[in-house]
Amino acid sequence: MGDTKRKRGRKPKNPTPSQPLQSPPSSPLDDVFSLSNIEIIPSTSSAVEITTTASRPRGRPKKLPKLPDNPDALPPPPILSPCRHVSNGTAIGLGGGSGGGELAVDPIGARVVPAMDAVVKVFCVHTEPNFSLPWQRKRQYSSSSSGFVISRRRVLTNAHSVEHYTQVKVKKRGSDTKYLATVLSIGTECDIAMLTVNDDEFWEGVSPVEFGELPALQDAVTVVGYPIGGDTISVTSGVVSRIEILSYVHGSTELLGLQIDAAINSGNSGGPAFNDKGNCVGIAFQSLKHEDAENIGYVIPTPVIQHFIQDYEKNEAYTGFPILGIEWQKMENPDLRKAMGMKPEQKGVRIRRVDPTAPESGVLKSSDIVLSFDGVDIANDGTVPFRHGERIGFSYLVSQKYAGDSSAIKVLRSSAILNFNIKLTSHRRLIPAHNKGRPPSYYIIAGFVFTTVSVPYLRSEYGKDYEYEAPVKLLDKLLHSMPQSPDEQLVVVSQVLVSDINIGYEDIVNTQVLALNGKPVKNLRRLAEMVENCDDEFLKFDLEYEQIVVLRTKTAKAATPDILATHCIPSAMSVDLKA
């Protein structure tokens, strides 16, 4: 028989090298919530086939160990993992939830199952204005996002989730019914919207979410929502990576925010972020998509959420977050501090400019040194103490206030310390970052389309890269110009609708209007009034770049109706200008 013995059992197969699990290719939708562009798209469910193979041990099955006669000698049961939870005596996973929105507590892991039943899916039909053709609206489209139920029969979600809404519906977890929702308030700056549902059936068996305190670094967070990739509820977990003043892309503001490493994808917007106790500590609203960054998501923290809610309850409307109407400079250079008359122990920031329309313009001046705000000393880099071992920009103190509140400011002027009491208001820019849901204004005379410049208008004209494609003059005003009066607007000739009366002017596009017949143009309403009431023989428009446009007054007014009819334009001016 030879020296080799035949082994018992089945002949082993040729081993094949194991292949790593390939992740599905990235979709272009991954950049939807990037800091340069936030928009909601429909959550389409894509079928992803996942196969698993379970290996079976070869050979004979092992015999089970014999139980001892003494039951006390049995080994202790295995300890449950902290990521599993016990509800009504049944072990459930992280994606489970207890009925009726109640919290289930894991007695061993001491972790609470979030109130999953309070998380809803928000469906919205949007009809955006056409800023390039302001008498029209764009084709409507649908989107889906997330939200959650709070006290007093209200639902919170993101403002960009219901921006330019036509119809809003919400659906509870495990339900097949969509309920019509009413939008109560939209806070564009903080990217929060409040909804309600009039149907009593929607509120049956739903418990509101409770808010928790601002988390600390490395605290665990669980983001719940309805992102792309499926139709059912989704749960992702991570930790708090950073707490600082963040740029809110939708509102173009800077407010307190949380950075987490949990996945936040399209459709997660408006969903709650829970802590280990099952309390909501924030709202998911944007993420960073960059080749050098991974797993960077941002959450609106509870102080900002509570500010929005209390503002609505106090004023029955959203009034916004006030700001200090100044531009300031750091005082980190020792020679600069000495030249400004500061003592070695004094710290603060220097005022570069004061907004002429802000209330503080009456008391604060350029080159004043702001030493403290409401009794809190400001450092030379513009930060204030936040929590143990942390500092934050002093604009956080301002954002905690409400519009109309007063604050005490200590400044250093010509080596003398002065104290002022300043009334805070919301900020207004010459080129606003948003139109707060209102359609754009326009006025047409002799084929010249006049409108006002805003960030949505620049994005409509020049695309997402408007910061690089728009004319330098407009970008300079966007970044640096301040309004000189509360009603000042930047009026431009958007385009010229070709007609016999405007021959030679067809190439004028997005050029600012400075004056009409020698009188300055402060806003679009003033321009329309001056044209309608003009008795001069000619209309002379002074434009940027030393351009002028001259039209015969009677001929221009007579030709306007035919031009409107040719281009199917319903009116020569927007509704707000007719009022």
Side-chain angles (χ1 to χ4, degrees), residues 31-41 119-120 122 124 126 128 143-148 150 154-165 168 181 183-195 209 211 214 223-227 243-260 264-273 280-289 296-312 317-323 395-396 399-400 403 426-427 429 432-438 454-456 459:
D31 294 332
V32 169
F33 283 87
S34 65
L35 290 178
S36 61
N37 178 29
I38 287 187
E39 59 180 351
I40 299 298
I41 58 175
V119 183
V120 299
V122 180
C124 183
H126 309 258
E128 294 184 357
S143 71
S144 66
S145 55
S146 308
F148 60 97
I150 62 172
R154 297 172 296 187
V155 176
L156 289 186
T157 186
N158 278 143
H160 69 257
S161 300
V162 295
E163 185 182 24
H164 304 301
Y165 69 93
V168 181
V183 179
L184 298 178
S185 180
I186 296 180
T188 307
E189 290 85 358
C190 59
D191 202 0
I192 304 176
M194 183 184 296
L195 319 175
V209 167
F211 290 102
L214 186 68
V223 178
V224 184
Y226 293 88
I243 304 175
E244 64 178 0
I245 300 295
L246 297 178
S247 175
Y248 282 48
V249 176
H250 178 69
S252 296
T253 53
E254 292 186 349
L255 297 170
L256 184 67
L258 304 179
Q259 177 183 319
I260 63 175
I264 297 180
N265 298 308
S266 177
N268 266 125
S269 286
C280 176
V281 295
I283 302 176
F285 75 117
Q286 65 187 30
S287 62
L288 176 62
K289 302 296 184 183
I296 296 182
Y298 297 102
V299 172
I300 305 172
T302 47
V304 179
I305 301 173
Q306 294 290 359
H307 188 286
F308 169 80
I309 296 175
Q310 294 173 10
D311 184 18
Y312 174 79
Y318 172 74
T319 61
F321 287 74
I323 71 164
S395 61
Y396 167 73
S399 66
Q400 294 296 99
S426 56
H427 181 52
R429 299 177 181 175
H434 42 75
N435 287 29
K436 297 184 178 180
R438 295 188 297 266
S454 62
V455 171
R459 189 178 293 116

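Worth saying up front: this structure is predicted, and the values here are computed from it rather than measured.
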> Tyr248 vs Phe285 aromatic rings, parallel, tilted or perpendicular, using cut-offs 30° and 60°?
Replying inline: tilted

> Closest approach of Gly187 and Ala159, non-hydrogen atoms and distance?
Replying inline: O-CB, 3.7 Å

>> Before you tell me yes or no, could you show the steps for His434 and Val455 under side-chain contact (heavy atoms from CB on, under 4.5 Å), namely the whole-Å CA-CA distance, both residues' side-chain angles and the distance that decides it to 0.1 Å?
In response: CA-CA 6 Å; His434 42 75; Val455 171; over 6 Å; no

> Any side-chain heavy atom of Phe308 within less than 4.5 Å of one from Leu156?
Replying inline: yes

>> Please report the interatomic distance CD1(Ile305) to CD1(Ile283), rounded to the nearest 0.5 Å.
In response: 3.5 Å

>> Measuring from atom CZ of Phe148 to atom OG1 of Thr157, what distance do you get when rounded to the nearest 0.5 angstrom?
In response: 8.5 Å

>> Once rounded to the nearest 0.5 Å, what's the spacing between atom CD of Gln259 and atom CD of Glu244?
In response: 7.0 Å

> Which residues pass the ring pair (Phe, Tyr, Trp, His ring centres under 6.0 Å) test with His307, sequence neighbours left out?
Replying inline: Phe321, Tyr402

>> Rounded to the nearest 0.5 Å, what separates atom NE2 in His160 from atom CD in Gln286?
In response: 8.5 Å

>> For Thr302 versus Gly282, what's the shortest heavy-atom pair and its separation?
In response: CG2-N, 4.3 Å

> Backbone N or O of Pro227 within a donor-acceptor pair of the Asn268 side chain at under 3.5 Å?
Replying inline: no

>> If you compare all heavy atoms of Leu258 against all heavy atoms of Val281, which two are closest, and at what distance to 0.1 Å?
In response: CD1-O, 3.9 Å

> If you look at every heavy atom in Ile264 and Ala284, which pair is closest and at what distance?
Replying inline: CD1-CB, 3.9 Å

> Which heavy atom of Val119 sits nearest a heavy atom of Pro272, and at what distance?
Replying inline: CG2-CG, 3.7 Å

> Is any side-chain heavy atom of Cys190 less than 4.5 Å from a side-chain heavy atom of Leu255?
Replying inline: yes

> Could you give the distance from CD1 (Ile260) to OH (Tyr298), rounded to the nearest 0.5 Å?
Replying inline: 11.0 Å

> Which value, rounded to the nearest 0.5 Å, describes the distance between Ile309 atom CD1 and Ile192 atom CD1?
Replying inline: 7.5 Å

>> Closer than 3.5 angstrom, by distance alone: can the side chain of Ser146 be matched with the main-chain N or O of Gly267 as a donor-acceptor pair?
In response: yes

>> Using every non-hydrogen atom in the two residues, find where Ala403 and Thr319 come nearest and quote the distance to one decimal.
In response: CB-OG1, 4.1 Å

>> Could you go through Met194 and Tyr318, starting from their C-alpha distance and side-chain angles, then the distance that decides it, and tell me whether this counts as side-chain contact (heavy atoms from CB on, under 4.5 Å)?
In response: CA-CA 10 Å; Met194 183 184 296; Tyr318 172 74; over 6 Å; no

> When you look at Leu256 and Leu214, which way does the side-chain contact (heavy atoms from CB on, under 4.5 Å) test go after all the steps?
Replying inline: CA-CA 11 Å; Leu256 184 67; Leu214 186 68; 4.3 Å; yes

> Any donor and acceptor pair, going by atom type alone, linking the side chain of Asn158 with main-chain N or O of Asp191 inside 3.5 Å?
Replying inline: yes

> Between His250 and Glu163, is any pair of side-chain heavy atoms under 4.5 Å apart?
Replying inline: yes

>> Are more than 12 heavy atoms, taken from residues, nucleotides or ligands other than Tyr165, located less than 6.0 Å from that residue's OH atom?
In response: no

>> So does Ala433 get a backbone contact from the side chain of Ser252, meaning a donor-acceptor N/O pair under 3.5 Å?
In response: no

